[in-house]
Participant: 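This structure is in structure tokens; I'll ask about it shortly.
Heads up: numbering here begins at 1 and tracks the sequence.
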Amino acid sequence: MDLHEHHDSSKVGGQAVTFDLLPGERLHILHPSQVIAYRGPAALRSDKLLDVKGIYRKRRLIRSDYSGPCQLVAAFPPSIGLKTLRLVEDSDWLYDFRQLFYYTEGIQMETRILSMKNMMITRDAVKVKFTGQGQIGVLTQGQVLELPLHPEEPLYVEAGRVLAYPENAKLELSVYGNHLASQHMRYQWKITGNGSILIQSGGAGSQELERDLQAEDGIVRRFLREALPFGGVFIK
């Protein structure tokens with residue numbers, strides 16, 4: 001399967017990706033409404049209801065299966081990108097089902113029910129694990145980085161930035177630094193284990209930085225908002 005990415009430099013539009021499937025190749029797409037163009041016999045697309053073992057309150061989802069030879073184009077909003085990952089047999093990352101866009105034939109999707117503790121941390125009940133060999137596509141915000149884990153030395157990562165983590169990693173909801181630092185940071189995942197994690201650079205913090213750079217108030221007012229109790233409420 002060939003994959004071609006197209007970006008709009010004007011930032012008005014978003015990213016577009018073209019998939020070229022050869023005869024015998026199959027592609028499973030989990031957000032079929034993003035497919036905006038298709039070239040090939042109509043019968044080579046087949047949709048099915050995907051019941052992921054009753055998760056997400058037994059909400060059924062649509063999966064579109066495309067068979068080659070055909071070509072299709074998928075489009076994404078300006079803030080959303082597509083990261084292609086090539087999996088091997090021993091891959092043990094867990095993903096958020098909502099961030100998965102496609103996977104290729106030869107890969108099996110399995111669900112993992114999280115522990116009650118990890119449900120509270122991740123605000124989710126189920127993660128998805130892939131086994132087999134092939135490719136998957138993950139929807140991202142910003143640049144994607146892979147960071148190594150250590151069994152004893154923790155890695156702190158902003159909770160909303162993690163795309164995937166090893167199934168056997170240990171997660172704790174935490175902050176770090178002194179008292180003032182812990183007051184002004186978002187909750188972090190304190191992660192230990194073997195292997196590595198995937199994180200994305202985009203998210204809520206990006207919008208906050210943009211607001212700070214565009215703000216017209218002075219440094220004194222900003223200091224008072226951050227230093228005084230409830231300063232963000234009373235000092236506008």
Side-chain angles (χ1 to χ4, degrees), residues 1-7 14-17 19 27-31 34 74 76-112 114-115 118 121-124 126-177 185-209:
M1 180 187 72
D2 291 330
L3 185 150
H4 311 283
E5 299 183 11
H6 311 277
H7 299 270
Q15 179 186 12
V17 178
F19 299 87
L27 184 68
H28 310 292
I29 293 186
L30 302 176
H31 294 270
Q34 299 307 125
F76 308 100
S79 60
I80 303 297
L82 181 67
K83 175 68 173 179
T84 296
L85 303 171
R86 184 171 294 278
L87 301 187
V88 294
E89 287 289 351
D90 59 350
S91 177
D92 67 341
W93 277 340
L94 298 182
Y95 302 84
D96 185 337
F97 184 85
R98 292 164 296 187
Q99 292 180 276
L100 298 169
F101 183 70
Y102 78 86
Y103 61 98
T104 57
E105 191 77 354
I107 288 184
Q108 295 77 45
M109 184 173 64
E110 304 173 358
T111 56
R112 293 289 188 268
L114 301 184
S115 67
N118 283 353
I121 295 175
T122 62
R123 297 182 180 179
D124 208 347
V126 176
K127 293 292 182 182
V128 177
K129 179 180 179 180
F130 288 99
T131 58
Q133 293 184 333
Q135 296 180 11
I136 69 171
V138 182
L139 299 173
T140 69
Q141 298 183 66
Q143 183 181 359
V144 177
L145 301 173
E146 183 175 350
L147 301 179
L149 295 177
H150 189 276
E152 298 179 358
E153 181 182 350
L155 175 67
Y156 294 88
V157 181
E158 190 174 305
R161 310 282 181 148
V162 176
L163 287 173
Y165 61 88
E167 183 173 11
N168 295 316
K170 181 180 178 181
L171 305 178
E172 297 180 34
L173 200 59
S174 180
V175 292
Y176 60 91
M185 71 170 60
R186 294 179 181 84
Y187 282 115
Q188 310 283 312
W189 284 11
K190 179 182 177 182
I191 310 176
T192 54
N194 297 306
S196 59
I197 66 169
L198 285 182
I199 66 172
Q200 59 185 353
S201 63
S206 303
Q207 288 80 30
E208 183 176 305
L209 177 60

Participant: Once rounded to the nearest 0.5 Å, what's the spacing between atom OG of Ser91 and atom CD1 of Ile136?
Facilitator: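 Output value for this atom pair is 7.0 Å.
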
Participant: Of all residues at least two apart in sequence or in a different chain, which pass the side-chain contact (heavy atoms from CB on, under 4.5 Å) check with Pro166?
Facilitator: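 Once residues adjacent in sequence are excluded, the partners of Pro166 under the side-chain contact (heavy atoms from CB on, under 4.5 Å) criterion are Asp92, Trp93, Leu149, Ala169, Ile197.
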
Participant: Taking all non-hydrogen atoms of both residues into account, name the closest pair between Gly81 and Gln15 and its distance.
Facilitator: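 Heavy-atom minimum between the residues: CA-OE1, 3.1 Å.
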
Participant: Looking at CD of Gln200 and CG of Leu145, how far apart are the two atoms once the value is rounded to the nearest 0.5 Å?
Facilitator: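 If we round to the nearest 0.5 Å, Gln200:CD and Leu145:CG are 10.5 Å apart.
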
Participant: Report the residues that fulfil side-chain contact (heavy atoms from CB on, under 4.5 Å) with Glu105, sequence neighbours left out, ordered by chain and then residue number.
Facilitator: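 Here the qualifying residues are Arg26, His28.
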
Participant: If we only count heavy atoms from C-beta on, is the Leu198 to Val144 side-chain gap below 4.5 Å?
Facilitator: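 Result yes, sub-4.5 Å side-chain heavy-atom pair found.
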
Participant: Considering non-hydrogen atoms only, spot the tightest contact between Phe101 and Gln34 and give its length.
Facilitator: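 Minimum heavy-atom separation between Phe101 and Gln34: CE1-CB, 3.9 Å.
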
Participant: Looking at every non-hydrogen atom in both residues, tell me the closest pair between Pro151 and Asn194 and how far apart they are.
Facilitator: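 Taking every non-hydrogen atom into account, CG-OD1, 3.2 Å.
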
Participant: Between CG of Leu163 and OG1 of Thr140, what distance do you get to the nearest 0.5 Å?
Facilitator: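 Nearest 0.5 Å value for the CG-OG1 distance: 6.5 Å.
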
Participant: Apply side chain to side chain contact (heavy atoms under 4.5 Å, CB included) to Thr104 and Leu27, showing your working.
Facilitator: CA-CA 5 Å; Thr104 57; Leu27 184 68; 4.1 Å; yes

Participant: Return the CG to CD1 distance between Leu147 and Ile191, rounded to the nearest 0.5 Å.
Facilitator: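 The distance works out to 9.0 Å.
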
Participant: How long is the gap from NZ on Lys83 to CG on Leu139, to the nearest 0.5 Å?
Facilitator: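 If I round to the nearest 0.5 Å, the distance is 13.5 Å.
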
Participant: Please report the shortest heavy-atom distance between Ser174 and Lys190, naming the atom on each side.
Facilitator: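 Smallest interatomic distance, heavy atoms only, reads CB-CB, 3.9 Å.
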
Participant: With a 4.5 Å heavy-atom cut-off, do Tyr187 and Val175 have their side chains touching?
Facilitator: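 The answer is yes, as the side chains (C-beta and beyond) meet within the 4.5 Å cut-off.
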
Participant: Checking side chain to side chain contact (heavy atoms under 4.5 Å, CB included) between Val138 and each of Leu82, Asp96, Leu100, which is the one that passes?
Facilitator: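 Looking at Leu82, Asp96, Leu100, the match for Val138 under the side chain to side chain contact (heavy atoms under 4.5 Å, CB included) is Leu100.
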
Participant: By the salt bridge (charged side-chain N to carboxylate O under 4.0 Å, His left out) test, which pairs, at least two apart or in different chains, include something from residues 129-157?
Facilitator: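 Listed by first then second residue: Lys129-Glu167.
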
Participant: Is there a donor-acceptor pair under 3.5 Å between the side chain of His31 and the backbone N or O of Arg98?
Facilitator: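 Yes; judged by distance alone, with no hydrogens or angles, the pair exists.
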
Participant: Holding to side-chain hydrogen bond (donor to acceptor under 3.5 Å, both in side chains), I want the full list of residues that pass it with Gln135, two or more places apart in sequence or in another chain.
Facilitator: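 Testing Gln135 for side-chain hydrogen bond (donor to acceptor under 3.5 Å, both in side chains), a comparison that skips the adjacent residues, returns Tyr102.
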
Participant: CD of Glu110 to CZ of Phe130: how many Å apart, nearest 0.5 Å?
Facilitator: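 Answer rounded to 0.5 Å: 10.0 Å.
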
Participant: Show, in sequence, the C-alpha distance, side-chain angles and deciding distance for Leu85 and Tyr95, and conclude whether the side chain to side chain contact (heavy atoms under 4.5 Å, CB included) test is met.
Facilitator: CA-CA 12 Å; Leu85 303 171; Tyr95 302 84; 3.8 Å; yes

Participant: Kindly write out the residues that satisfy side-chain contact (heavy atoms from CB on, under 4.5 Å) with Tyr176, not counting sequence neighbours, or none if the list is empty.
Facilitator: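 Result, side-chain contact (heavy atoms from CB on, under 4.5 Å) vs Tyr176: Tyr156, Met185, Gln188.
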
